[in-house]
Amino acid sequence: MRRYSNNDITWEIARKLNLGFEMRLFDKVELQVDYFTENRSNILLERTNLPSSMGLEASVEANVGRAKSHGVEGALTYQHSFLGGFLAIGKCQFHLCHKRISRGR
């Protein structure tokens, strides 16, 4: 047997939050900052804690996974127009994220 039925399997659940901030100064400097967080539960994973004495040949899957992530990303842009139509733009971007994946409810 390659698969076992499991009537308790459900869709995974995701909860997200995104907050953003944008600011422009003197028509030259622009700042963008975003904070994000995401929690996922009921992720479908292979069960690893089943005893071999059950005699199962195929792996059994269940909604036992969790994932959490959060972080900050942003950009700082400088723009300057020179005489004669020349435009110079400088941009710096950053991203910082932490993610954790676990098993169990």
Side-chain angles (χ1 to χ4, degrees):
M1 181 177 271
R2 294 184 187 247
R3 283 198 243 178
Y4 301 105
S5 66
N6 185 345
N7 296 331
D8 295 328
I9 291 178
T10 62
W11 291 100
E12 78 180 50
I13 298 169
R15 291 190 174 101
K16 297 181 181 187
L17 173 68
N18 294 304
L19 299 173
F21 174 77
E22 294 183 21
M23 182 173 63
R24 188 172 183 105
L25 299 171
F26 314 113
D27 263 351
K28 293 184 181 248
V29 178
E30 184 176 323
L31 175 67
Q32 298 174 343
V33 179
D34 294 310
Y35 171 78
F36 62 91
T37 181
E38 181 175 9
N39 292 316
R40 291 184 171 268
S41 60
N42 289 344
I43 298 173
L44 189 63
L45 294 175
E46 184 178 310
R47 298 278 307 257
T48 58
N49 58 351
L50 295 175
S52 59
S53 61
M54 289 185 69
L56 301 175
E57 294 179 14
S59 63
V60 177
E61 294 180 338
N63 296 100
V64 294
R66 287 183 170 181
K68 292 182 178 186
S69 64
H70 64 275
V72 173
E73 56 187 24
L76 181 64
T77 306
Y78 178 78
Q79 177 176 314
H80 186 76
S81 297
F82 294 94
L83 295 175
F86 181 72
L87 177 67
I89 299 174
K91 188 170 190 173
C92 176
Q93 296 179 319
F94 67 91
H95 180 84
L96 177 65
C97 178
H98 176 71
K99 188 171 191 176
R100 183 175 55 194
I101 300 172
S102 62
R103 290 182 182 265
R105 292 190 178 226

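What you see is a predicted model, and the numbers here were worked out from it, not measured in a lab.
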* Steps toward side-chain contact (heavy atoms from CB on, under 4.5 Å) verdict (R40, K16) -> CA-CA 9 Å; R40 291 184 171 268; K16 297 181 181 187; 4.2 Å; yes

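Taking CD of E12 as the start and CZ of R66 as the end, the distance is 13.0 Å to the nearest 0.5 Å. Going from atom CD of E30 over to atom CZ of R24 covers 5.0 Å, rounded to the nearest 0.5 Å.
Under the 4.5 Å side-chain contact rule for hydrophobic residues, Y35 and M23 share a cluster.
Under the ring-ring contact (aromatic ring centres under 6.0 Å, His included) criterion, no residue pair touches residues 8-29, with sequence neighbours excluded.
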May I have the list of side-chain donor-acceptor pairs in residues 76-99 shorter than 3.5 Å, sequence neighbours left out?
| from | atom 1 | to | atom 2 | distance (Å) |
| --- | --- | --- | --- | --- |
| H80 | ND1 | K28 | NZ | 2.5 |
| H95 | ND1 | E73 | OE1 | 2.8 |

